[in-house]
Amino acid sequence: PSVSAGGRGELSCCTHPTSALLNRNGKVRLNPSSAPTDLNGSMVTVRRLLSTSQSSVDPKEMRKFQLLAHRWWDEQGEYSALHSMNDIRVPFIRDTLLNMGSTYQRGSPLSGIKILDVGCGGGLLSEPLGRLGASVTGIDPLEENIRAADQHKSFDPVLAKRIQYKSGSLEEIVEESVETFDVIVASEVVEHVADLEMFIRCCSQVLKPRGSLFITTINKTQLSYILGIVVAEKIAGIVPEGTHEWEKFVPPEELERLLEANGFSVKTVNGMLYNPLTGSWGWIESTSINYALHAVKSGDQAQTSQTEPLSEMESEQCSATAGTMPVISGVL
């Protein structure tokens, strides 16, 4: 079976259409008198799910991620830039949360905080957040990525207790975990989603009021095209060719507009730069290439009224990611 954006084959969904729909918060209930009508409606919903899922992620991109799933923890391999990005993105998340008044506990500063890592890949960001004491749920549409993450987590008994991984899409989390998480992390993810606004709305649904959303991504500029695609992919071969599509890069102004329109308040936008000569990341003033953003979901019901609960169809359209990929941006 072909792989859908939720990371599951079509066959499993088609084989059990009734159970799949019954699991969606009981929205479909069959009884003897209405079974034929409800079954027809069930099949329509299943077909809509499959159609939506197929349009969210390019199957070729999914296969590309599958081929690299065993390489997540090779620090000198295709994901080396993501490994080194932890040197700045982990402190950025940790210090921001502590400055917001999180209770500090020696050795476990993020203890008691529930974090959702969207597009967790092999767990490169989930693990350091778990070591800081957070309770982390990592989701990724590719089962191969989740297997790699679970295997690596198993080497550390502490992480085995603090981190759980799920193969699935963001819309499944919406249905299961409304206003559950204190923090959502989407690092090197939004440039891969099919519908950015729907993705943000899904994040809002599972985030608690006054919860934090952390995003790292790539700006849509001529410089980001030259350095992020031409140099990194086509000339230097630092990342596999075809990793990114410039058309999907997101200007910070657009991201801020979408976030504010969906009940978020943007607090910080910082520029980031990768130096391939040293293999390290640093903070810079310019956001013309890579940037990190922190936003807070409003806790005022009057302000969040614009972010209404997702309808069933909208929930099904929440864009899943195809796993995270390394971003190579420039030379200092």
Visitor: Could you please spell out the steps behind the side-chain contact (heavy atoms from CB on, under 4.5 Å) verdict for Ser108 and Arg162?
Guide: CA-CA 11 Å; Ser108 300; Arg162 294 178 180 173; 3.6 Å; yes

Visitor: When you measure from the side chain of Ser177 to the backbone of Val174, do you find a donor-acceptor pair of N or O atoms at a distance under 3.5 Å?
Guide: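 Side chain of Ser177 to backbone of Val174, a donor-acceptor pair under 3.5 Å: no, none is there.
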
Visitor: Closer than 4.0 angstrom, basic N to acidic O: yes or no for Glu179 and Lys297?
Guide: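 Yes, Glu179 and Lys297 are salt-bridged.
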
Visitor: Please lay out, stage by stage, how Glu78 and Arg71 fare under the test salt bridge (Lys or Arg N to Asp or Glu O under 4.0 Å).
Guide: CA-CA 7 Å; Glu78 291 86 345; Arg71 304 281 289 173; 2.9 Å; yes

Visitor: Between the main-chain N or O of Ser280 and the side-chain N or O of Ser84, is there a donor-acceptor pair closer than 3.5 Å?
Guide: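 Pair absent, no side-chain N/O of Ser84 close to backbone of Ser280.
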
Visitor: Could you state whether Ile163 and Val158 fall into the same hydrophobic cluster, counting links through intermediate Ile, Leu, Val, Met, Phe, Trp or Tyr residues with side-chain heavy atoms under 4.5 angstrom apart?
Guide: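 Not linked; separate clusters.
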
Visitor: To the nearest 0.5 angstrom, please state how far the CD1 atom of Ile235 sits from the CD1 atom of Ile229.
Guide: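 The CD1 atom of Ile229 is 12.0 Å from CD1 of Ile235, to the nearest 0.5 Å.
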
Visitor: Is the side chain of Ser224 donor-acceptor paired with the backbone N or O of Asn219 at a distance under 3.5 Å, no angle test?
Guide: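 Yes; at least one donor-acceptor contact below 3.5 Å.
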
Visitor: Find out whether His192 and His244 are in side-chain contact, i.e. whether some heavy atom of one side chain is under 4.5 Å from a heavy atom of the other.
Guide: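 With C-beta onward as the side chain, the pair touches.
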
Visitor: Taking atom types as modelled, find out whether Glu75 and Ser80 have a side-chain donor-acceptor pair closer than 3.5 angstrom.
Guide: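 Distance-only check fails for Glu75 and Ser80.
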
Visitor: If we count only N and O atoms by modelled type, under 3.5 Å, do the side chains of Ser126 and Asp117 hold a donor and an acceptor together?
Guide: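 Checked: Ser126/Asp117 side chains pair up, N/O donor to acceptor below 3.5 Å.
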
Visitor: Given Leu293, which partner from the list Leu255, Thr216, Thr287 fulfils the side-chain contact (heavy atoms from CB on, under 4.5 Å) test?
Guide: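 With Leu293 as partner, Leu255, Thr216, Thr287 yield a single side-chain contact (heavy atoms from CB on, under 4.5 Å), made by Leu255.
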
Visitor: Taking side-chain hydrogen bond (donor to acceptor under 3.5 Å, both in side chains) as the definition, give me every residue that meets it alongside Thr180, ordered by chain and number, with sequence neighbours left out.
Guide: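 If we apply the side-chain hydrogen bond (donor to acceptor under 3.5 Å, both in side chains) test to Thr180, skipping adjacent residues, there are no hits.
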
Visitor: Does the side-chain contact (heavy atoms from CB on, under 4.5 Å) test come out yes or no for Ile146 and Cys120, once each step is laid out?
Guide: CA-CA 8 Å; Ile146 295 301; Cys120 64; 3.9 Å; yes

Visitor: If every non-hydrogen atom of Leu82 is compared with every non-hydrogen atom of Glu188, which pair is closest and at what distance?
Guide: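 Closest heavy-atom pair between Leu82 and Glu188: CD2-CG, 3.7 Å.
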
Visitor: So do Val190 and Phe249 actually touch side chain to side chain, heavy atoms under 4.5 Å?
Guide: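 No - every pair of side-chain heavy atoms lies 4.5 Å or more apart.
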
Visitor: Answer whether the closest heavy-atom distance between the side chains of Leu213 and Phe264 falls below 4.5 Å.
Guide: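 They are in contact (side-chain heavy atoms under 4.5 Å apart), so the answer is yes.
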
Visitor: Closest approach of Asn275 and Leu277, non-hydrogen atoms and distance?
Guide: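 For Asn275 and Leu277, the tightest heavy-atom pair comes out as OD1-N, 2.9 Å.
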
Visitor: If you measure from OG on Ser135 to CG on Leu116, what distance do you get to the nearest 0.5 Å?
Guide: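 Ser135 atom OG to Leu116 atom CG measures 11.0 Å (nearest 0.5 Å).
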
Visitor: How long is the span from the NE2 atom in His83 to the CG atom in Asp74, to the nearest 0.5 Å?
Guide: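 Rounded to the nearest 0.5 Å, the NE2-CG separation comes to 7.0 Å.
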
Visitor: Passes side-chain contact (heavy atoms from CB on, under 4.5 Å), Phe181 versus Ile115? Steps please.
Guide: CA-CA 6 Å; Phe181 297 97; Ile115 298 179; 5.9 Å; no

Visitor: Is there a path from Val178 to Ile173 through hydrophobic residues (I, L, V, M, F, W, Y) whose side chains come within less than 4.5 Å of each other?
Guide: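 No, Val178 and Ile173 fall in different hydrophobic clusters.
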
Visitor: Going from CH2 on Trp246 to OH on Tyr225, what distance comes out if it is rounded to the nearest 0.5 angstrom?
Guide: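 Between atom CH2 of Trp246 and atom OH of Tyr225 there are 9.0 Å.
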
Visitor: Of the non-hydrogen atoms in Cys203 and Ile184, which two are nearest, and what is the gap between them?
Guide: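 Heavy-atom minimum between the residues: O-CD1, 3.2 Å.
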
Visitor: Closer than 3.5 angstrom, by distance alone: can the side chain of Glu172 be matched with the main-chain N or O of Ser169 as a donor-acceptor pair?
Guide: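 Yes; at least one donor-acceptor contact below 3.5 Å.
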
Visitor: Counting C-beta onward and ignoring hydrogens, is there a side-chain heavy-atom pair between Val118 and Phe199 closer than 4.5 Å?
Guide: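 SC-SC contact between Val118 and Phe199 confirmed.
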
Visitor: Distance from Arg257 atom CZ to Ile200 atom CD1, nearest 0.5 Å?
Guide: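 Reported to 0.5 Å precision, the distance equals 9.0 Å.
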
Visitor: Can you name the closest pair of heavy atoms from Gly130 and Leu159 and give their distance?
Guide: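 What the structure gives for the nearest pair is C-CD2, 3.9 Å.
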
Visitor: Less than 4.0 angstrom from a charged side-chain N to a carboxylate O is my criterion; do Asp182 and Lys208 meet it?
Guide: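 Here Asp182 pairs with Lys208 in a salt bridge, since their nearest N and O are under 4.0 Å apart.
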
Visitor: Do the non-hydrogen side-chain atoms of Glu253 and Lys220 ever get within less than 4.5 Å of each other?
Guide: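 No; the side chains remain at least 4.5 Å from each other.
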
Visitor: Given Trp281 and Asp87, is the side-chain hydrogen bond (donor to acceptor under 3.5 Å, both in side chains) satisfied, shown in steps?
Guide: CA-CA 7 Å; Trp281 289 84; Asp87 293 338; over 6 Å; no

Visitor: Have Ser298 and Arg210 got a donor and an acceptor in their side chains that come within less than 3.5 Å?
Guide: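 Their side chains do not contain a donor-acceptor pair, so the 3.5 Å distance test is not met.
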
Visitor: Tell me, with the steps shown, if Lys153 and Asp150 meet salt bridge (Lys or Arg N to Asp or Glu O under 4.0 Å).
Guide: CA-CA 5 Å; Lys153 177 190 71 171; Asp150 269 326; 3.3 Å; yes

Visitor: Please list, chain by chain and in numerical order, all residues satisfying ring-ring contact (aromatic ring centres under 6.0 Å, His included) with Tyr165, sequence neighbours excluded.
Guide: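 Not a single residue meets the ring-ring contact (aromatic ring centres under 6.0 Å, His included) criterion with Tyr165.
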
Visitor: Kindly indicate whether the side chain of Val136, heavy atoms from C-beta on, has any atom under 4.5 Å from the side chain of Glu127.
Guide: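 Not in contact.
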
Visitor: Taking all non-hydrogen atoms of both residues, which atom of Leu227 and which atom of Val231 are closest, and how far apart?
Guide: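 Result for this residue pair: O-CB, 3.7 Å.
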
Visitor: Which heavy-atom pair separates Gly121 from Asp140 by the least distance, and what is that distance?
Guide: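 Residues Gly121 and Asp140, closest heavy atoms: N-OD2, 2.9 Å.
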
Visitor: I'd like to know if Glu197 pairs up with Arg201 as an ion pair, taking the criterion as any Lys NZ or Arg NE/NH1/NH2 lying under 4.0 Å from an Asp or Glu carboxylate oxygen.
Guide: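 Here Glu197 does not pair with Arg201 in a salt bridge, since their nearest N and O are not under 4.0 Å apart.
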
Visitor: Listed by chain and number, what are the ring-ring contact (aromatic ring centres under 6.0 Å, His included) partners of Trp283, not counting sequence neighbours?
Guide: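 Result, ring-ring contact (aromatic ring centres under 6.0 Å, His included) vs Trp283: Phe92.
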
Visitor: Tell me, do Glu171 and Met198 make a side-chain contact under 4.5 Å, heavy atoms counted?
Guide: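 No, too far: nothing below the 4.5 Å cut-off.
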
Visitor: In Å, rounded to the nearest 0.5 Å, how long is the span from CD1 of Ile218 to NZ of Lys248?
Guide: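 Nearest 0.5 Å value for the CD1-NZ distance: 12.0 Å.
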
Visitor: Assign the ring pair Trp73 / His152 to parallel, tilted or perpendicular, where the plane angle (0 to 90°) is split at 30° and 60°.
Guide: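 Judged by the thresholds at 30° and 60°, the geometry between Trp73 and His152 is parallel.
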
Visitor: After noting the C-alpha distance and the side-chain angles of His294 and Ser212, does the key distance pass the side-chain contact (heavy atoms from CB on, under 4.5 Å) rule?
Guide: CA-CA 7 Å; His294 170 234; Ser212 287; 2.9 Å; yes

